[in-house]
Amino acid sequence: MRTDLVVIGAGPAGLAASLAAATRGVRVVLVDAAPAAGGQFYRQPAPGLGARRPGALHHQWRTWTRLREGLDRHIATGRITHLPDHHVWSVEKASGCLTVHALSGPEQEQPVTVRAAAVLLATGGYERVLPFPGWTLPGVLTAGGAQAMLKGTLVVPGRRAVVAGTGPLLLPVAAGLAAAGVAVAALVESAGPGGFARHAGALAAQPGKAVEAALYAARLLRHGVRILPRHTVVAAHGDDRVEEVTVAALDSGGRPRPGTARRIPCDTLAVGHGMLPHTDLADALGCRIDGVVGVAVDDEQRADVPGVWAAGETTGIGGAALALAEGHIAGRSIAARLSGAAPDPQEWERAAQSRAALRRFFSVLDRLCTPPVHWTEQVTDDTVVCRCEEVRAGTVREAVEQLGAGDLRTVKLLTRAGMGWCQGRMCAPGIAGITGCPQTASRSPFARPVPLGVLAREPQNDPRSPVESPAEENVRQYNVTHHRGGDRP
């Protein structure tokens with residue numbers, strides 16, 4: 001399949017970019033792993049569930065309605081081709097164009113290849129998972145997992161829950177569970193009110209966010225949810241599943257304060273410590289990654305690899321509104337570049353202003369909502385830190401302290417931590433914290449596991465392959481002019 005633009009990810013950023021580009025005449029293939037568009041933020045219950053008021057589980061529902069209607073219109077006209085249930089495992093650059101490789105089908109064994117002049121990476125983010133004693137018990141799940149279960153299946157994870165960790169996601173998760181009939185025993189937030197008070201000026205620059213937080217707090221108050229600021233989860237307890245959670249107040253140094261530990265009975269613990277950007281595809285392409293912050297982009301959302309743009313959480317965690325602004329800018333930039341014209345930034349001035357303001361806001365929020373500084377001290381040596389390979393904390397500590405490992409790759413080779421199905425995507429943040437090794441990109445050529453049969457059937461890129469399309473020619477000429485000693489830093 002050939003097209004002008006492949007957008008990977010149908011969340012807010014991918015949808016905004018697809019609509020902006022398609023409106024300006026670009027042929028778009030929208031590839032997404034989910035069965036329906038919307039991403040995690042606009043996740044919908046399956047049609048067969050017969051949800052009467054799906055909007056009750058969301059805010060910004062009107063924005064989603066506009067996006068969905070726009071997508072449907074462009075699909076009907078053939079301007080956008082939507083490929084749901086397609087899992088992208090690689091993007092490669094050859095012969096002046098970009099080739100996207102995906103897997104489809106019930107077993108994800110059917111290879112699909114799309115060739116394009118440009119690619120937008122809108123792959124979103126994933127939750128930072130940090131281990132603690134008891135975190136592998138049934139009934140312990142991530143905060144985002146609890147929300148996805150509620151939004152996508154209309155099922156609650158239990159009858160009595162504790163929501164814990166840090167970050168803005170905890171509020172909607174706790175409020176959503178409470179509204180669905182779950183008795184939320186406590187919302188445990190490691191950040192304290194003092195930090196928010198000290199940065200009140202910066203946070204007040206986004207009054208809508210403050211109103212949103214206040215509304216969630218009011219809902220929690222109405223449901224009788226106890227909020228415990230400057231507290232953390234120490235351990236989860238139970239036999240066949242979680243039955244109690246020990247929480248404790250944090251002192252000024254970020255350690256549990258002696259004498260403050262308390263046990264809270266529950267059958268569910270939804271815990272989250274913020275988000276990290278999905279950068280696997282960008283890293284394999286050779287795009288510059290700013291540490292664990294995200295893909296580095298310019299004012300047009302262009303990565304430093306010709307023909308590649310990135311938008312949304314993959315460039316840095318900042319929520320749906322920021323993703324929409326970045327996606328809109330990227331879509332307009334791509335449309336101009338593919339036509340051979342230089343984009344006019346004034347055309348997206350409002351989106352750029354929104355992007356700048358939201359980036360400042362989330363930069364402050366990111367500094368405030370961090371895991372407790374000394375969280376690793378609560379992780380006992382017998383705590384499993386890599387669930388796929390059942391590697392315990394004591395084993396990874398031994399790799400550093402006795403075997404001399406100084407980076408995560410060496411720890412992985414010595415302990416098998418990170419060698420399982422997820423390839424370290426879930427356990428790497430925890431192992432990095434426990435060992436003190438910096439978390440770096442893996443540079444894997446595969447963004448997900450791929451059957452060997454698929455690799456054997458993959459056609460090799462042939463430099464004599466079909467003649468460039470006009471869009472590909474425009475991008476190639478632009479790359480020659482601007483990426484080889486031209487105006488890009």
Side-chain angles (χ1 to χ4, degrees), residues 1-49 51 53-55 57-88 100 102 104 112 114 116-125 148 151-152 278 281 301 309-315 319-336 338-339 347-348 350-351 354-355 471:
M1 181 185 301
R2 292 174 64 109
T3 190
D4 298 330
L5 166 66
V6 175
V7 175
I8 303 174
L15 288 172
S18 297
L19 298 182
T23 299
R24 289 155 182 82
V26 177
R27 293 176 302 143
V28 180
V29 173
L30 177 61
V31 185
D32 191 51
Q40 296 299 324
F41 189 79
Y42 295 120
R43 179 187 286 268
Q44 306 295 307
L49 294 175
R53 294 189 306 117
L57 299 173
H58 296 265
H59 59 289
Q60 299 183 15
W61 186 254
R62 291 181 181 177
T63 301
W64 159 244
T65 301
R66 289 196 297 269
L67 291 170
R68 183 184 60 197
E69 291 173 350
L71 178 64
D72 290 342
R73 284 196 304 271
H74 285 297
I75 290 175
T77 62
R79 185 65 65 185
I80 295 178
T81 301
H82 181 207
L83 300 180
D85 278 321
H86 281 62
H87 302 258
V88 176
V100 176
S104 68
V112 175
V114 185
V119 166
L120 171 72
L121 303 175
T123 47
K151 285 184 175 181
H278 267 302
L281 293 173
Q301 299 296 138
W309 280 254
E313 310 281 47
T314 193
T315 66
L322 177 56
L324 288 169
E326 292 184 350
H328 179 78
I329 292 169
R332 297 188 71 136
S333 169
I334 292 167
L338 292 185
S339 69
E347 294 182 356
W348 61 72
R350 286 186 60 187
S354 176
R355 177 181 62 183

Between [atom1] on residue [X] and [atom2] on residue [Y], distance to nearest 0.5 Å:
X: T315; Y: L121; atom1: OG1; atom2: CG; result: 10.5 Å
X: T314; Y: L281; atom1: OG1; atom2: CG; result: 8.0 Å
X: I334; Y: I329; atom1: CD1; atom2: CD1; result: 12.0 Å
X: L83; Y: D32; atom1: CG; atom2: CG; result: 10.0 Å
X: S18; Y: I80; atom1: OG; atom2: CD1; result: 5.0 Å

Tell me, please, which residues at least two apart from [X] pass side-chain contact (heavy atoms from CB on, under 4.5 Å).
X: A17; answer: L120
X: A21; answer: L5, V26, V28
X: H278; answer: T123, Y126
X: A336; answer: P343

Please find the pair of heavy atoms, one from [X] and one from [Y], that lie closest to each other, and give the distance.
X: R24; Y: A335; answer: CB-CB, 3.7 Å
X: A311; Y: A330; answer: CB-CB, 4.4 Å
X: D4; Y: G25; answer: OD2-O, 4.4 Å
X: L71; Y: A37; answer: CD2-CB, 3.8 Å
X: W64; Y: G38; answer: CZ3-CA, 3.7 Å
X: Q44; Y: W61; answer: OE1-CH2, 3.2 Å

Side chain to side chain donor-acceptor pair (under 3.5 Å) partners of [X], counting only residues at least two apart:
X: S333; result: E300, W309
X: T23; result: H74
X: R79; result: none
X: Q301; result: R355, R359

Using a 3.5 Å distance criterion without hydrogens, assess whether the side chain of T3 forms a donor-acceptor pair with backbone atoms of A116.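 Between the backbone of A116 and the side chain of T3 there is no qualifying donor-acceptor contact (under 3.5 Å).
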Closer than 3.5 angstrom, by distance alone: can the side chain of H328 be matched with the main-chain N or O of E326 as a donor-acceptor pair?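 The answer is no, because no donor-acceptor pair under 3.5 Å joins these two groups.
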Can you list every ring-ring contact (aromatic ring centres under 6.0 Å, His included) pair that touches residues 7-33, not counting sequence neighbours?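 Of all non-adjacent pairs touching residues 7-33, none passes ring-ring contact (aromatic ring centres under 6.0 Å, His included).
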Going by the ring-ring contact (aromatic ring centres under 6.0 Å, His included) test, which pairs reach into residues 8-28, not counting sequence neighbours?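 Listed by first then second residue: nothing to list.
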State, yes or no, whether a side-chain contact exists between V114 and T81 at a heavy-atom distance under 4.5 Å.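 No; the side chains remain at least 4.5 Å from each other.
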With sequence neighbours excluded, tell me which residues meet salt bridge (charged side-chain N to carboxylate O under 4.0 Å, His left out) with E69.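 Partners of E69 under the salt bridge (charged side-chain N to carboxylate O under 4.0 Å, His left out) test: none.
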Just do the side chain to side chain contact (heavy atoms under 4.5 Å, CB included) check on L15 and L30 with the steps written out, would you? CA-CA 8 Å; L15 288 172; L30 177 61; 4.0 Å; yes
Residue pairs fulfilling salt bridge (Lys or Arg N to Asp or Glu O under 4.0 Å) with at least one residue in residues 13-23, sequence neighbours excluded: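 Qualifying pairs: none.
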For Y42 and R68, what are the C-alpha separation, side-chain angles and deciding distance, and is it a side chain to side chain contact (heavy atoms under 4.5 Å, CB included)? CA-CA 10 Å; Y42 295 120; R68 183 184 60 197; over 6 Å; no
